[in-house]
Protein chains: 2
Amino acid sequence: MADILIIEDDTVIAGSLSNYLKSEGYSVRTAPGQREGLRLFRETPPDCVLLDVSLADGNGFSVCTAIRSSSEIPVIFLTASADEACTVAGFEVGADDYISKPFRPRELAARIRNVLRRRSSAPKILRCQNITLDPSKALVMKNNQEVFLSALEYRLLLLFLSNPGQLISRDRIADELWTISGEFIGDNTLNVYMKRLRDKIEDDPQNPVIIKTIRGLGYKAAES
Amino acid sequence: MADILIIEDDTVIAGSLSNYLKSEGYSVRTAPGQREGLRLFRETPPDCVLLDVSLADGNGFSVCTAIRSSSEIPVIFLTASADEACTVAGFEVGADDYISKPFRPRELAARIRNVLRRRSSAPKILRCQNITLDPSKALVMKNNQEVFLSALEYRLLLLFLSNPGQLISRDRIADELWTISGEFIGDNTLNVYMKRLRDKIEDDPQNPVIIKTIRGLGYKAAES
DNA sequence: CAGATTTGTAATACAGCTGAAACAGAATTG
DNA sequence: CAATTCTGTTTCAGCTGTATTACAAATCTG
């Protein structure tokens, strides 16, 4: 999941923050001061920075300015007091949000999700041989040429490409595709759909490469 | 300067807020409840909404959800207490920020500047084929000729143009357009609206190009 | 309040998807 | 190698999902 950089000189706070965020599934790095913080930032830009206003080797505003000079990565200020001047100054140097100690963990998590949501739009595209499937667009391409699948054919292909190299039993397929409506279907129906799908995505449907039959066990999509 | 809509049922607070923000150079409108607030919002979308959590005719969260269904205009929640549950719930429905009473004026102003800065970086006009939609003006043009859409048609188009190339399921559309009031609508109603919209924006409504049907999955707007 | 517009529902039409039947072929079994 | 089981292939009737039209109720506007 997202990578968060904490720049905070109080090691107790940094540690507890780090633990909490790791428990939420984030990967976390910490730095005790601006020098180290900026070094880590440049080494591998994180997805979000939590920045203490008062650092031992300088204040957080200059760090934020430095980050903003090269990046739009979200910065959330941490401060000991709800001091208004700090808040304003923080926003002036381009902070994305501001939260004062002591932190309410769920609020912090919510604010992090919030700033990350604004930036995140990473489309994951499934690939297998010369086939690609973009779930967010329901778009299937074969050799960069769009392939038009029916809804069931699409869901069938999606099931396989989501589990590359995995054996998938006929029962499992039937469940995933048809249990939606609770109904059960004839036994050969699945064969028919396999053929329909293969006719559209395989170069040689008689000798399938993308989805192979494992007789007696099920089917298996090729890896990558 | 920027236009701010305050939705707040306490007229004293609304009045003082309004005065202060006007003195800062903003143009301000106020609404005492969600119904009037959403009407003003749709009438002329503001640049930012200040939204009281507890309104006489319902809570602010549903208003925020309603706003988010058709717009990315920043929403800042106002609350009497620094209650954490409120804060989290506010962010969950897509709030941009959160501030508790009593307000420190400069902080409020800074937060408003902050959310405005985030959005103003992109003067966004949505385009798709020969259609353009300017959210800030609620203006839709086809071949540089204004097209007059009803509120629902507009929100429907906005939903699609905000997600070009993306598959949008019928369920999602129903949620985004009609869950505002929690009511559920008949199944064909959406079909009817798709037709009405297509009749107004497509050159050949029978063979739609802007918004295509993906049978069994949903609809999809063309990219760019 | 009258007229116009918008909104939701019902009725109908229809393309093409869906599921099953029937048959063919291939792999496995004894 | 025959019998059996599993999978592939073709075909087609019926149905589902979407489009279309028409209309009543609700809402807006002057």
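A quick note: this is a predicted structure, and the numbers were derived from the prediction, not measured. Note: hydrogens, waters and symmetry copies are ignored here, and every other heavy atom, side chains too, is used. Every chain is numbered from 1 and lettered A, B, ... according to where its sequence line falls, protein lines coming before strand lines.
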Between N or O atoms, less than 3.5 Å apart, protein on one side and nucleotides 28-30 of chain D on the other: list the pairs.
none

(message) Treating Glu24(A) as the side-chain partner and Ala109(A) as the backbone partner, does any N or O pair qualify as donor plus acceptor under 3.5 Å?
(response)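 A pair under 3.5 Å: no.
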
(message) Please check this pair: side chain of Arg113(B) against backbone of Leu108(B), looking for a donor-acceptor N/O pair closer than 3.5 Å.
(response) no

(request) With sequence neighbours left out, write down each residue that passes side chain to side chain contact (heavy atoms under 4.5 Å, CB included) with Glu146(A), or none if nothing qualifies. (result) Leu139(A), Met141(A), Phe148(A)

(request) Remember a base hit wins even if backbone is also touched, and classify Tyr219(A) as base, sugar-phosphate or nothing at under 4.0 Å, heavy atoms. (result)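 Sugar-phosphate, backbone atoms only, no base.
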
(request) Scan Asn188(A) against the nucleic acid and name what it touches under 4.0 Å (heavy atoms): base, sugar-phosphate only, or nothing. (result) base

(message) Could you tell me how far apart Arg155(A) (CZ) and dT18(C) (C1') are, to the nearest whole angstrom?
(response)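 From Arg155(A) CZ to dT18(C) C1': 12 Å.
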
(message) From CD of Gln206(B) over to C1' of dC14(C), roughly how many Å is that when rounded to an integer?
(response) 13 Å

(request) Could you pick out which residue, Leu149(B) or Ala151(A), lies toward the 5' side of DNA chain C when each is mapped onto its nearest nucleotide? (result)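 Checking each residue's closest nucleotide, the 5'-ward one belongs to Leu149(B).
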
(message) Closest-nucleotide mapping onto DNA chain C: is Leu152(A) or Glu153(B) further toward the 5' terminus? I mean the 5' end.
(response)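 Nearest nucleotide further toward 5': that of Glu153(B).
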
(request) Hey, could you give me each pair passing ring pair (Phe, Tyr, Trp, His ring centres under 6.0 Å) that has a residue in residues 198-224 of chain A? Not counting sequence neighbours. (result)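 Of all non-adjacent pairs touching residues 198-224 of chain A, none passes ring pair (Phe, Tyr, Trp, His ring centres under 6.0 Å).
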
(message) Are Asp3(A) and Leu5(A) packed together at the side-chain level, in the sense that at least one heavy-atom pair is separated by less than 4.5 angstrom?
(response) no

(message) Return the CG to CZ distance between Asp204(A) and Arg198(A), rounded to the nearest 0.5 Å.
(response) 11.0 Å

(request) To the nearest 0.5 Å, tell me how far Leu40(B) CG sits from Ile6(B) CD1. (result) 11.5 Å

Using the 3.5 Å cut-off, write out each protein N or O paired with an N or O of nucleotides 13-17 of chain D and the distance between them.
unit_1  : atom_1 : unit_2    : atom_2 : d
dT16(D) : O2     : Arg215(B) : NH2    : 2.7

(message) When you compare the side chains of Ser62(B) and Gln34(B), does any donor N or O come within less than 3.5 Å of an acceptor on the partner?
(response)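 Note: Ser62(B) and Gln34(B) side chains meet the donor-acceptor criterion.
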
(message) So which atom in Leu177(A) and which in Arg155(A) form the shortest heavy-atom distance, rounded to 0.1 Å?
(response) O-NH2, 3.0 Å

(request) Return the residues of residues 189-205 of chain A meeting this criterion: a heavy atom under 4.0 Å from some atom of DNA chain C. Order them by number, or give none. (result)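 Per residue number, the list reads Thr189(A), Val192(A), Tyr193(A), Arg196(A).
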
(request) Compute the angle between the rotation axes at the two ends of the helix from dC1(C)-dG30(D) to dG30(C)-dC1(D), each taken over five pairs, rounded to 10 degrees. (result) 40°

